Asks: 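The structure that follows is given in the form of structure tokens.
Source: prediction; values computed, not measured. Start at 1 and go down the list; that is how both ligands and their atoms are numbered.
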Amino acid sequence: MKKISIIGVPMDLGQTRRGVDMGPSAIRYAGVIERLERLHYEIDDLGDIAIGRAERSGDSAVHSNLRNLKAVAEANEKLAEAVDEVVQKGDFPLVLGGDHSIAIGTLAGVAKHYKNLGVIWYDAHGDLNTAETSPSGNIHGMSLAASLGLGHPALTNIGGYSPKVKPENIVLIGARSLDEGEKRLIKEKGIKVYTMHEIDRLGMTKVMEETIAYLKERTDGVHLSLDLDGLDPHDAPGVGTPVIGGLTYRESHLAMEMLAEAEMITSAEFVEVNPILDERNKTASVAVALMGSLFGEKLV
Ligand SMILES: NC(=[NH2+])NCCC[C@H](N)C(=O)O
Ligand SMILES: [Mn+2]
Ligand SMILES: [Mn+2]
């Protein structure tokens with residue numbers, strides 16, 4: 001059985017709410033290692049990536065609508081190297097966030113090992129903004145765009161190559177808060193999206209069956225990027241940008257179980273867990289429970 005290498009990324013510079021840098025600790029405290037060991041995986045906890053300091057206000061990056069660009073880019077370079085090494089060894093990289101800007105580094109480390117990496121972006125948001133379209137200047141809302149090669153070169157060129165993923169190899173699940181520029185990009189690039197509307201109409205079973213079939217025929221590996229705000233804030237309150245009307249705990253477990261059954265996920269990250277905004281570490285615990293299902297836990 002494959003070894004799972006855990007990498008923590010205590011990143012909070014891709015957005016402005018304090019506390020999401022404690023996500024990796026909260027997830028470890030919620031028992032991620034024990035949970036996966038029970039499934040007979042060997043776990044290698046590689047610790048946390050060092051994150052630099054935030055820029056002082058007045059910095060030019062703030063005015064270019066890319067908050068903390070330098071520190072975010074540097075941390076992602078380090079993360080990309082760490083993830084690259086894990087994949088090279090033949091182990092499974094499991095990245096714990098931290099805000100969603102870290103997907104840039106994770107994908108940079110993973111994608112070079114595949115011709116056609118698939119990406120499942122489980123999220124209330126598209127994270128498809130660039131500095132030009134971003135309403136906030138927060139890089140956690142730009143990570144998927146950067147991985148498509150769109151945006152500032154300091155972000156698109158992490159790992160020394162671009163793009164990391166092709167638009168037709170991406171599936172968005174759970175979207176319900178998309179900015180105008182993101183909607184335009186989705187149409188222009190033909191990115192597959194299951195918004196909450198489609199999930200309500202089809203049901204999660206059908207959505208996952210379609211997603212799995214779609215990615216199976218065109219990809220040679222699939223990265224799961226799971227933003228806890230994809231879930232409804234009732235089930236995952238500890239996130240910085242909650243959006244009501246989200247995926248339930250049950251739907252999310254079903255999705256993870258179907259991915260486990262399909263044996264198609266080759267790397268994963270769980271991001272945006274913010275213990276300061278959480279209720280008794282509920283969101284971190286939900287993340288760990290979902291990881292259990294993703295790695296093959298069964299009820300009976
Ligand atoms: N990873 C996230 N939680 N992203 C939220 C992004 C929110 C908004 N679309 C923005 O670009 O600012
Ligand atoms: Mn989100
Ligand atoms: Mn996100």
Asks: Looking only at protein heavy atoms, identify the closest one to atom 11 (O) of ligand 1 and say how far it is in Å.
Replies: Asn129 ND2, 2.9 Å

Asks: Using a 4.0 Å heavy-atom cut-off, say whether Glu272 meets ligand 1 through its side chain, its backbone, both or neither.
Replies: side chain

Asks: Considering non-hydrogen atoms of the protein only, which is the closest contact for atom 10 (C) of ligand 1, and what is the distance?
Replies: Ser136 OG, 3.5 Å

Asks: With a cut-off of 4.0 Å, which atoms of ligand 1 are near a heavy atom of Gly141?
Replies: 6 (C), 11 (O)

Asks: Quick one: does Asp278's side chain have a donor or acceptor within less than 3.5 Å of a partner on Thr283's backbone?
Replies: yes

Asks: Specify the protein heavy atom at minimum distance from atom 9 (N) of ligand 1: its residue, its atom name, and the distance to 0.1 Å.
Replies: Asp179 OD2, 2.7 Å

Asks: Just checking Arg218: does its CZ atom have more than 12 heavy atoms from other residues, nucleotides or ligands closer to it than 6.0 angstrom?
Replies: yes

Asks: Could you find the nearest protein heavy atom to atom 4 (N) of ligand 1 and give me its residue, atom name and distance?
Replies: Asp127 OD1, 2.9 Å

Asks: With heavy-atom distances below 4.0 Å as the criterion, list the atoms of ligand 1 near His100.
Replies: 1 (N)

Asks: Please check this pair: side chain of Asp127 against backbone of Ser143, looking for a donor-acceptor N/O pair closer than 3.5 Å.
Replies: no

Asks: Where's the contact between Asp229 and ligand 1, heavy-atom distance under 4.0 Å: side chain, backbone, both or neither?
Replies: side chain

Asks: Is a donor on one side and an acceptor on the other found under 3.5 Å between the side chain of Arg176 and the backbone of Gly230?
Replies: yes

Asks: Are Lys89 and Glu85 close enough for a salt bridge, meaning some N to O gap below 4.0 Å?
Replies: no

Asks: Which of these, Val119, Asp123, Leu144, sits in a side-chain contact (heavy atoms from CB on, under 4.5 Å) with Leu172?
Replies: Leu144

Asks: Determine whether more than 12 heavy atoms belonging to other residues, nucleotides or ligands lie under 6.0 Å from atom CD of Glu198.
Replies: yes

Asks: Pick one of side chain, backbone, both or neither for how His125 approaches ligand 1, counting any non-hydrogen atom pair under 4.0 Å.
Replies: side chain

Asks: Around the Mn ion (ligand 3), how many protein N, O or S atoms are found at less than 2.8 Å?
Replies: 4

Asks: Relative to ligand 1, is Asp227 under 4.0 angstrom through side chain, backbone, both or neither, heavy atoms considered?
Replies: side chain

Asks: Tell me, please, which residues at least two apart from Phe270 pass ring pair (Phe, Tyr, Trp, His ring centres under 6.0 Å).
Replies: none

Asks: For Ala262, is there any backbone N or O sitting under 3.5 Å from a side-chain donor or acceptor partner on Lys216?
Replies: yes

Asks: Can a salt bridge be assigned to the pair Glu74 and Lys78 using a cut-off of 4.0 Å between side-chain N and carboxylate O?
Replies: no

Asks: Between Arg35 and Glu297, is the closest basic N to carboxylate O distance under 4.0 Å?
Replies: yes

